[in-house]
There are 4 protein chains.
Amino acid sequence: MDKASKKRVEIMEAAYKVFSEKGYHSTRIEDIAVETGMAQGLFYRYFDNKLDLFSQIIDMIIARIAAGVMSDAPGSSDTLEEYTEQLERAVDNLFEIFVEDPIISKLLFYEARSVDDTVNKKIQDSLDLFADFSSQYIKDGIEKGFLRPDIELRETAYAFNALIFEGARRIMLAKDKKKAKKVWKKVIVDLAIGATARH
Amino acid sequence: MDKASKKRVEIMEAAYKVFSEKGYHSTRIEDIAVETGMAQGLFYRYFDNKLDLFSQIIDMIIARIAAGVMSDAPGSSDTLEEYTEQLERAVDNLFEIFVEDPIISKLLFYEARSVDDTVNKKIQDSLDLFADFSSQYIKDGIEKGFLRPDIELRETAYAFNALIFEGARRIMLAKDKKKAKKVWKKVIVDLAIGATARH
Amino acid sequence: MDKASKKRVEIMEAAYKVFSEKGYHSTRIEDIAVETGMAQGLFYRYFDNKLDLFSQIIDMIIARIAAGVMSDAPGSSDTLEEYTEQLERAVDNLFEIFVEDPIISKLLFYEARSVDDTVNKKIQDSLDLFADFSSQYIKDGIEKGFLRPDIELRETAYAFNALIFEGARRIMLAKDKKKAKKVWKKVIVDLAIGATARH
Amino acid sequence: MDKASKKRVEIMEAAYKVFSEKGYHSTRIEDIAVETGMAQGLFYRYFDNKLDLFSQIIDMIIARIAAGVMSDAPGSSDTLEEYTEQLERAVDNLFEIFVEDPIISKLLFYEARSVDDTVNKKIQDSLDLFADFSSQYIKDGIEKGFLRPDIELRETAYAFNALIFEGARRIMLAKDKKKAKKVWKKVIVDLAIGATARH
DNA sequence: TATGAATGAGATTTCATTCAT
DNA sequence: AATGAATGAAATCTCATTCAT
């Protein structure tokens with residue numbers, strides 16, 4: 001990475017923090033400059049404007065989540081138990097991503113939607129991508145005969161993701177995060193498997 | 001209702017529209033004034049400032065939803081079929097609220113969260129209230145022996161609500177809203193009953 | 001006095017109070033309306049505008065003071081003792097006017113000067129008139145041989161008035177107004193007679 | 001002095017002029033900006049708001065006057081003549097301060113009182129300080145046996161200051177300022193010494 | 001005469017962005 | 001590359017005054 005890119009990332013990290021604390025609109029370029037420890041004017045050497053910065057931060061966040069998600073593809077599972085265990089691991093993995101960096105969801109779910117249409121579209125698209133991924137899981141489950149074949153694929157994928165996000169949000173609000181994570185994992189897996197598994 | 005209250009509501013309706021179109025931050029008081037057909041200055045006779053107005057609109061929305069939700073309490077159901085039908089009606093009812101007035105969810109789910117901590121807290125609280133309501137349904141189902149007694153009550157209620165909201169969001173994005181509504185109703189009821197019913 | 005004039009005076013009394021409490025610029029027409037117990041709009045039936053009202057109040061105050069001052073003209077005094085006693089009574093009389101209604105000086109000396117040039121001119125003129133009056137006293141004293149003939153008439157009159165005003169201001173700030181009044185009377189009379197009397 | 005302080009002073013000087021010409025309330029930030037030759041917005045980099053600026057200007061004025069006043073302390077005087085001459089020099093000195101910069105008194109005596117309670121308090125306090133100073137003079141005169149020992153110290157000090165201020169005001173209104181200054185000096189010294197000296 | 005809602009001009013203040021150094 | 005002062009375009013909010021009833 002060249003020096004300029006390094007600086008860009010440095011600014012993004014600082015801004016990421018400030019944005020999540022104060023929100024997009026209440027954050028002034030000066031706040032970011034102070035956090036980065038540089039002069040205001042310099043900011044504009046690295047980013048076109050405030051929105052450009054925010055947009056790139058959202059890209060970064062999405063990329064990170066995507067990387068985390070994609071890291072464990074629907075692997076091989078020969079029994080429903082194995083399939084369930086795989087699902088558990090996936091949920092765990094996702095929770096980890098959100099809980100480890102609680103700023104992410106605040107920025108992504110609360111702030112970003114109201115900033116700008118382009119940014120919103122970006123998030124929308126990433127959610128679709130995320131749903132694609134979940135679909136793969138379900139499809140795999142159906143093909144292997146673990147899940148009922150009459151499932152509404154797309155909607156169930158969205159529903160599943162919504163459960164993950166809700167779980168992540170609630171875990172973040174919980175005092176005992178460890179326990180909350182455990183309970184939510186159970187609730188989600190029970191809902192998902194319990195409702196979709198073949199009997 | 002006195003004249004002043006009528007005017008207040010008139011402004012709120014106009015602002016409601018403008019906020020949902022342009023978002024909170026991009027809406028200027030003048031936009032609201034123009035939409036209401038009055039001079040800017042008059043606004044401040046009825047509201048302290050933009051946030052005050054927005055906050056009251058959120059109150060109004062929450063009250064409306066609450067009224068819609070509370071209107072059909074968990075009624076009498078003697079069989080699982082009846083219980084399921086009741087659930088279907090409830091989901092239908094909720095979808096109706098959001099779809100009938102798509103602005104609501106845009107404002108409530110996208111805009112409001114990033115506006116102000118007090119407003120956010122308000123929404124948080126209303127979601128808790130909403131979860132209370134869902135809990136009643138589930139409890140009723142357990143007591144009557146339709147649902148498994150080992151369900152995590154609170155989390156399942158939140159999860160259920162998250163599914164409703166996701167459904168509402170997706171229906172609003174769908175071209176064929178009627179069909180989308182049908183499919184989502186099925187998905188949610190299947191998930192809910194399929195996973196929680198006693199076998 | 002006709003009904004309209006009565007109302008005008010009523011408004012002036014109310015405004016007089018509000019102006020002295022909040023100052024000219026911080027007083028809104030609505031404050032005056034509230035104090036008078038009438039509607040805002042009605043104000044403009046009785047006065048052209050805010051400045052017009054203030055100006056008339058200042059006129060009223062000046063007239064009142066003038067009336068009080070003029071009430072005891074330089075009377076007959078045959079000895080320096082009598083002359084001194086007359087002076088004492090005059091000072092007493094003036095203090096009474098200011099102390100009895102402390103609002104007067106706040107309005108006249110603090111507020112009015114910064115409001116408008118015309119109003120300022122008015123006060124300036126009234127001070128001149130007041131100085132004329134004091135001059136009469138001094139002249140009388142000189143003519144009767146009580147005071148030194150080489151006194152700078154005009155300046156001494158202004159100086160004397162300045163002492164009165166300063167005394168009034170200080171008395172109003174004092175806790176024990178009665179005592180303060182006594183002391184100031186002594187100081188002023190001593191200064192005036194002590195310095196100007198023939199030895 | 002650093003660059004920022006220099007700019008602050010520059011703005012204060014410009015504002016000082018504008019305030020004295022138009023008065024506090026009629027002066028807009030833009031007027032000050034124009035006078036300084038800068039953009040409006042820049043003003044807020046150096047001052048919180050108009051009142052903050054005005055308050056600091058008043059501080060500056062008071063400090064200047066105080067410096068001028070304190071510069072000649074009650075010196076050594078062995079005879080009443082010397083004491084009188086010293087007094088004359090002090091009065092001269094004070095007149096010089098006010099006449100040299102007529103804006104001062106306009107701002108201090110007319111404008112400042114009606115602006116804000118804090119500012120008014122500031123002036124009140126400085127007048128007290130000023131009276132302290134005059135008291136020293138009088139005390140010195142008493143101790144040396146030039147003045148009567150039964151003088152009301154505090155009140156006489158206030159009275160003396162009131163004379164100075166009245167003189168300053170009148171001199172500024174006079175056409176022939178030089179002559180006015182001479183006359184007023186005589187009047188004040190005559191009043192002060194004539195009335196308080198031991199005979 | 002009375003009401004009080006409505007108007008609209010204007011002042012303050014903020015801050016993203018530019019620019020001279 | 002870096003600084004931070006300077007710009008200027010909004011946006012909010014206030015309130016004297018007018019107007020319809």
Side-chain angles (χ1 to χ4, degrees), chain A residues 2-4 6-7 24-34 36-54, chain B residues 2-4 6-8 10-11 25-33 36-53, chain C residues 2-4 6-7 24-34 36-54, chain D residues 2-4 6-8 10-11 25-33 36-53:
Chain A
D2 61 356
K3 224 175 142 191
K6 221 185 271 177
K7 187 91 188 178
Y24 178 79
H25 290 98
S26 299
T27 297
R28 293 164 303 145
I29 296 297
E30 211 197 328
D31 297 327
I32 295 167
V34 167
T36 321
M38 69 180 189
Q40 267 196 76
L42 195 52
F43 171 85
Y44 290 87
R45 277 210 163 254
Y46 296 98
F47 296 93
D48 287 348
N49 50 43
K50 192 173 153 181
L51 183 56
D52 175 39
L53 165 67
F54 188 76
Chain B
D2 62 353
K3 227 173 140 189
K6 223 184 271 177
K7 185 91 192 178
R8 229 188 315 274
E10 192 193 328
I11 295 172
H25 289 100
S26 301
T27 298
R28 293 163 307 141
I29 298 299
E30 210 199 331
D31 298 327
I32 295 166
T36 320
M38 69 184 189
Q40 267 199 73
L42 193 54
F43 172 85
Y44 293 90
R45 209 170 227 278
Y46 297 97
F47 297 93
D48 287 347
N49 49 43
K50 198 164 91 167
L51 183 56
D52 176 37
L53 165 67
Chain C
D2 60 357
K3 225 174 140 191
K6 220 184 274 176
K7 186 91 191 179
Y24 178 79
H25 289 99
S26 300
T27 298
R28 293 164 303 144
I29 297 298
E30 210 197 328
D31 297 328
I32 295 167
V34 166
T36 321
M38 71 181 188
Q40 267 196 73
L42 195 52
F43 171 86
Y44 290 87
R45 278 209 161 254
Y46 296 97
F47 297 92
D48 286 350
N49 50 45
K50 193 173 153 181
L51 183 57
D52 175 38
L53 164 67
F54 189 76
Chain D
D2 62 354
K3 226 175 141 189
K6 221 181 273 177
K7 185 90 192 178
R8 230 188 312 275
E10 191 194 330
I11 295 172
H25 289 101
S26 301
T27 297
R28 292 164 305 139
I29 298 300
E30 209 198 331
D31 297 327
I32 296 167
T36 320
M38 68 182 188
Q40 269 200 70
L42 193 53
F43 172 86
Y44 292 90
R45 210 170 225 279
Y46 297 98
F47 297 93
D48 285 348
N49 48 45
K50 198 163 92 166
L51 182 57
D52 176 37
L53 165 67

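Chain A is the first sequence line, chain B the second, and so forth, proteins listed ahead of strands; every chain is numbered from 1.
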Contacts of A:D2 meeting side chain to side chain contact (heavy atoms under 4.5 Å, CB included) (sequence neighbours excluded), chain-then-number -> A:A4, A:S5
Partners of C:K7 by side chain to side chain contact (heavy atoms under 4.5 Å, CB included), sequence neighbours excluded?
C:E10, C:I11, C:M38, C:L42, C:Y46
Value in whole Å for how far the [atom2] atom of [N] lies from [atom1] of [X]:
| X | N | atom1 | atom2 | value |
| --- | --- | --- | --- | --- |
| B:R45 | F:dA16 | CZ | C1' | 13 Å |
| A:M38 | F:dA5 | CE | C1' | 16 Å |
| B:F47 | F:dA11 | CZ | P | 21 Å |
| B:I32 | F:dC13 | CD1 | P | 11 Å |
| B:K3 | E:dA5 | NZ | C1' | 7 Å |
| B:K7 | E:dG4 | NZ | C1' | 13 Å |
| B:L53 | F:dC13 | CG | C1' | 15 Å |

Within-4.5 Å side-chain heavy-atom neighbours: A:Y44 and A:I29:
yes
Check ring-ring contact (aromatic ring centres under 6.0 Å, His included) between B:F47 and all other residues, then give those that pass, not counting sequence neighbours.
B:F43
For DNA chain E, the expected dot-bracket line (Watson-Crick or G-U under 3.5 Å, [ ] crossing, | inter-strand) is .||||||||||||||||||||
Who pairs with A:R45 by salt bridge (Lys or Arg N to Asp or Glu O under 4.0 Å), at least two apart in sequence or on another chain?
none
From A:D48 CG over to A:L53 CG, what is the distance, rounded to the nearest 0.5 angstrom?
10.5 Å
Checking C:K50 side chain against C:R28 main chain: does a donor-acceptor pair fall under 3.5 Å?
no
Fit a plane to each ring of C:H25 and D:H25, take the angle between them on a 0 to 90° scale, and name the class: parallel (under 30°), tilted (30 to 60°) or perpendicular (over 60°).
parallel
Which letters describe nucleotides 15-21 of chain E, given B = protein heavy atom under 4.0 Å from base, S = only from sugar-phosphate, - = neither?
BSBB---
